[in-house]
Structure formats: structure tokens, C-alpha cells
Student: 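The structure's right below; bear with me while I get my questions together.
Chain letters run A, B, ... following the sequence lines, proteins first and then strands; every chain starts at 1. Because the structure is a prediction, the values reported are computed rather than measured.
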There are 2 protein chains.
Amino acid sequence: MQDNRLSDTRARILDAAERLFMAHGYDGTSMRQITGEAGVNLAAVNYHFGSKEALIQEVFRRRLNWLNEERMRALDELEATADGQPLKPSQIVDAFFGTMIRMAEDEERGGVIFLRLLGRTLTEPSDFIRAFLAHEYKTVVERYKEALFRSLPDVPKAEIVWRFHFMLGATSYAIAGTDALRLVTDWGIEAEDSEDRLDRLLPRLISFLIGGLRAPLPQFTDH
Amino acid sequence: MQDNRLSDTRARILDAAERLFMAHGYDGTSMRQITGEAGVNLAAVNYHFGSKEALIQEVFRRRLNWLNEERMRALDELEATADGQPLKPSQIVDAFFGTMIRMAEDEERGGVIFLRLLGRTLTEPSDFIRAFLAHEYKTVVERYKEALFRSLPDVPKAEIVWRFHFMLGATSYAIAGTDALRLVTDWGIEAEDSEDRLDRLLPRLISFLIGGLRAPLPQFTDH
DNA sequence: CTGTGATTCATACGTTCGTTTGAATTATGG
DNA sequence: CCATAATTCAAACGAACGTATGAATCACAG
């Protein structure tokens, strides 16, 4: 019987796939690695999900459904409390990016592993994955974009859109590279243990994002 | 004779590989695609470069050597002019990130194709590529880190390091996703044609980065 | 206990992968 | 012009890939 709850096999496959896609990318992870790590038969993926493409979509759907609902809920709550007044940019930024980062502490929802996978996948070159994520993200991003427009009425909309773009990049990178960048730079973050780093990432990131979002507008040189 | 200058075949392979790695990633690009697009025999890659891994390293080396030298030169020049005075953060940011973005306009140096490849590869999961880029970047990043420390003596070093990290992410993402993000969001940048977008990306990005770099320090909640 | 559908399993299929080989061709210095 | 090195070429290698198959096993309603 196709159980509505996750069968043990399905969950084991999704967990293994999530970790391996995070570590080695989509093309760099084979079905044999996934089923090997999950401790299930090779044919189980095609039986339960249909194909490798359908598998990674389910890996994302399982987590993104919750994240995007939570983001919508957070914005609903803020707007209800604000009672018609425009929100503060920091509230919007925290509702969008803070909600995401706080997933890292929630092992039940994929924790840091899913977050790194998400961060890396946003720049993944594979066409169908980006198209899939585009669809999953569209309505939420649209909603937050509008909220920022209302929150910053003096800033041109195009500028806000770009800065949302930059914020997404900084966040993805910060998540994806929490230890990848140790490699790249070997800079002096060693002093803080990894527990501490995750705790402090969020306030550090939010400060940076707000600073960038509220920065003086650029002067374009004529041409 | 192994010509020191690039033979036609070598250059054609490097150009094709650069474009294809950008479009489909390392694992997603096959030797047959590369040699097909380059119009050379399949065996030519292994003859001229030795392996697929050695090929992508050469793809990066060809461009990064110039970029990193240029970054060093820009900082040398700034420090010579400043005559012992600490540099302004905006000068340092422009020397590092501006030099990179301006590569996009220089078709001779790979233009926007290489830049997107670079942006995407910084979050690439493949271990040996990240390790290679780490080595290529190490001394330059070290040098800029020190310059920022001197430029912002009141900001804790750990904070500067993190913010450098965030700036790198925003920049990589802005480059890599110049049209990938159109997909994700379909937000209203359509008004400006793509020529314009590239011209205006740099001042927009720099404003954002400086804003983030100079943002008020985060307050850590006790725990 | 039995029968039926869901699941797991070993195995194999056809492709495509990166790499290698040895002969054919081209370029070059004496 | 010839000898020798450099390069290109068609062809093939074994390995790994995603997927499909049909039998074996399991779960459970009647």
C-alpha cells in the first residue's frame, strides 16, 4: 500500500539523497551511492519516486513547503500586527532570511544539511532544477518584493529588486560555504567553535543585509 | 613541438570548455561535448591537458592569473598614492570586486562567460576544484583582508572577515545569476536592456557592498 | 489460513563516460 | 628532401551510469 506517511524506505532515501546532493551535487551523486548509504535496494528509488529527477524534486519539496509556508505566515503576522502601517525593512529581512537561517537549528526540518544544499543549488547550472526552484519560490518572492516596495517607498523598485538579489546571494553563500570558505581563505574564524558560529551567523548576516539594503543609492555615471 | 603560446587547438578547447562548464557545470559537461563544440578530436583534450581535471584547472588558471595580478597591482597603486594613510573601504572594495566585475566587459579576458563560471564554481561541490581555487585565491585574499583591517580599525577582525565573506557571496551570485535569477523571480528588471544592466550592475553592487561592510555591528543575544 | 497487492531483491539492459592506443597526418630543423 | 618530432585521427577499452524486469518476499484484509 502506498502509505501517505513516509515509509521508512522513502525517508531513508530522501535523507541520504539530501546529504549526498549537498556534498557532491546532483550530477556528482549516483543512484548507487544514494541507495548504498540509505541501505536500500538500487531499484527502490525508481519504485518510490520514478526517476532521479523526481527524487531531487521531492528532496526539495519536503523542506521548501514548510519553509515557504512559514515565510508567508511570518509576513501575515507582521502585517496583522502593523495594522496598515508599512513594515520596517529589518522585519521583512528577518522574516525571509531569518526564517531560513533558523532552519539550520531545526534538525527535524533538515538542519544545516538542507540549507547548504539549498544555498548551492540556487547557482546550480542544471536547467530543470533551477526551473523547479523558480516555480517553488515565485509566489513567496513576489509577496516579499511587494512588502519591501511598501517599506521603502523612496527607493526605486528596480533598486530594491537588485538588492533583494544581492541579499539572496550573500545568504546562500554564507550558508553553503560555512566550511567551504575555510578552505578558500583559511581566515581567522577558527577561534569560535562551530556551535558558536551558527548562533552568531544570523545577527551578523542580518546586520550586513540591512546595511546593504539601506545603503545610499548608487550614482550612475552618464554614458 | 609543445609551443609555449597557445596552439589553436588548445585555445579552442579552453574556450569551449569555459562556456560549457559555465552552462552545465563540471560533472554536467562531457569531453565529447567540449571537443565537439571546439571542432577537435576527442583525444585532443587528453593529449594537450592530460585529463578533464587538468583541463578545468587550466581554464581557471588562464583567467585568474591575470585577475589576481591586477588585483595586487590595484592595491599596490592605492597604497602608493595613499602614502601610509589607511585606505578608504570603498577603494579596497572597488579594487577587489570592481576589478572582477570589469572583466565582464573585456572579451579578451573571458568576459561575462568566465565571470559566471567563476561565480558558480565558488559554491561548486566538487572537492578538488574548491581546493584548487583555494590555492589560487589564498595570497590575494590574505592581502585584502589585511588592507581592510587597517582601513576599519574599530571593527573587530572577525566581523570584517565575515563581511568579506558576505560580499563575495553577493558578488558571485550577482554575476552567476544575471539571467538565472530572471527565471527564479521574473521580477521587473525587464525595463532595462541587458547592455544597461551590466553597466549599472557595478555601481549598484558596490553601493550595496559598502553599505553592508559599514553597517552597525550586530548585537549578540547572550546564551 | 489464504489470496492479493505492495515492496524488495538480484540481475541485466543499453548508453555514455573518461581515457588509451597505434596508425595516419602534419610541421619542422638539418 | 628527408628524418624526426608533434599533432590529429578513428576506434576501442573497461567502468559507471540511470533504468527496467520478473521473481521472491512481505503485509494484511477477508
Student: Send over the distance from A:Y47 OH to D:dG22 C1', rounded to a whole Å.
Tutor: 14 Å

Student: Are any side-chain N or O atoms of A:E77 and backbone N or O atoms of A:A74, one a donor and one an acceptor, separated by less than 3.5 Å?
Tutor: no

Student: Taking the six-membered ring for Trp, are B:Y26 and B:F128 parallel (under 30°), tilted (30 to 60°) or perpendicular (over 60°)?
Tutor: perpendicular

Student: Which part of the nucleic acid, if any, lies within reach of A:T35 when heavy atoms closer than 4.0 Å are counted: base, sugar-phosphate only, or nothing?
Tutor: nothing

Student: Given atom NZ of B:K52 and atom C1' of C:dT20, what is their separation to the nearest angstrom?
Tutor: 17 Å

Student: Could you tell me whether the side chain of B:N68 and the main chain of B:E136 form a donor-acceptor pair under 3.5 Å?
Tutor: yes

Student: Round to a whole Å and report the spacing from CG of A:N46 to C1' of D:dG18.
Tutor: 7 Å

Student: Do NZ/NE/NH1/NH2 and the carboxylate oxygens of B:R143 and B:D76 come within less than 4.0 Å?
Tutor: yes

Student: Given ring pair (Phe, Tyr, Trp, His ring centres under 6.0 Å), test B:F21 with B:F60 step by step and report yes or no.
Tutor: CA-CA 11 Å; B:F21 285 147; B:F60 278 106; 8.3 Å; no

Student: Think B:R71 forms a cation-pi with B:F96, using NZ or CZ under 6.0 Å from the six-ring centre and within 45 degrees of its axis?
Tutor: yes

Student: Checking the side chain of B:R116 only, and the main-chain atoms of B:M22 only, is there a donor and an acceptor separated by less than 3.5 Å?
Tutor: no

Student: Taking only N and O in the side chain of B:T9, is any of them less than 4.0 Å away from OP1 or OP2 of D:dT7?
Tutor: no

Student: Could you list the protein-to-nucleotides 25-27 of chain C atom pairs, N/O on both sides, closer than 3.5 Å?
Tutor:
none

Student: Taking CG from A:L20 and P from D:dC17, how many angstroms apart are they, rounded to a whole number?
Tutor: 12 Å

Student: Taking protein heavy atoms under 4.0 Å as touching, what does nucleotides 9-16 of chain D look like 5' to 3' if B marks base contact, S marks sugar-phosphate-only contact and - marks none?
Tutor: BB-B----

Student: Rounded to whole Å, please give me the gap between NE2 in A:H48 and C1' in D:dT19.
Tutor: 16 Å

Student: Kindly say whether A:A38 contributes a backbone atom to a donor-acceptor pair with the side chain of A:R12 at under 3.5 angstrom?
Tutor: yes

Student: Hey, could you give me the CZ/CD1 distance between B:F132 and B:I56, rounded to the nearest 0.5 Å?
Tutor: 9.0 Å

Student: Rounded to the nearest angstrom, tell me the gap between atom CD1 in B:I34 and atom P in C:dC17.
Tutor: 11 Å

Student: Expressed in angstrom and rounded to an integer, what is the separation of A:H24 atom NE2 from D:dC17 atom P?
Tutor: 12 Å

Student: Can you tell me the distance, in whole Å, between the CZ atom of B:F128 and the P atom of C:dG18?
Tutor: 12 Å

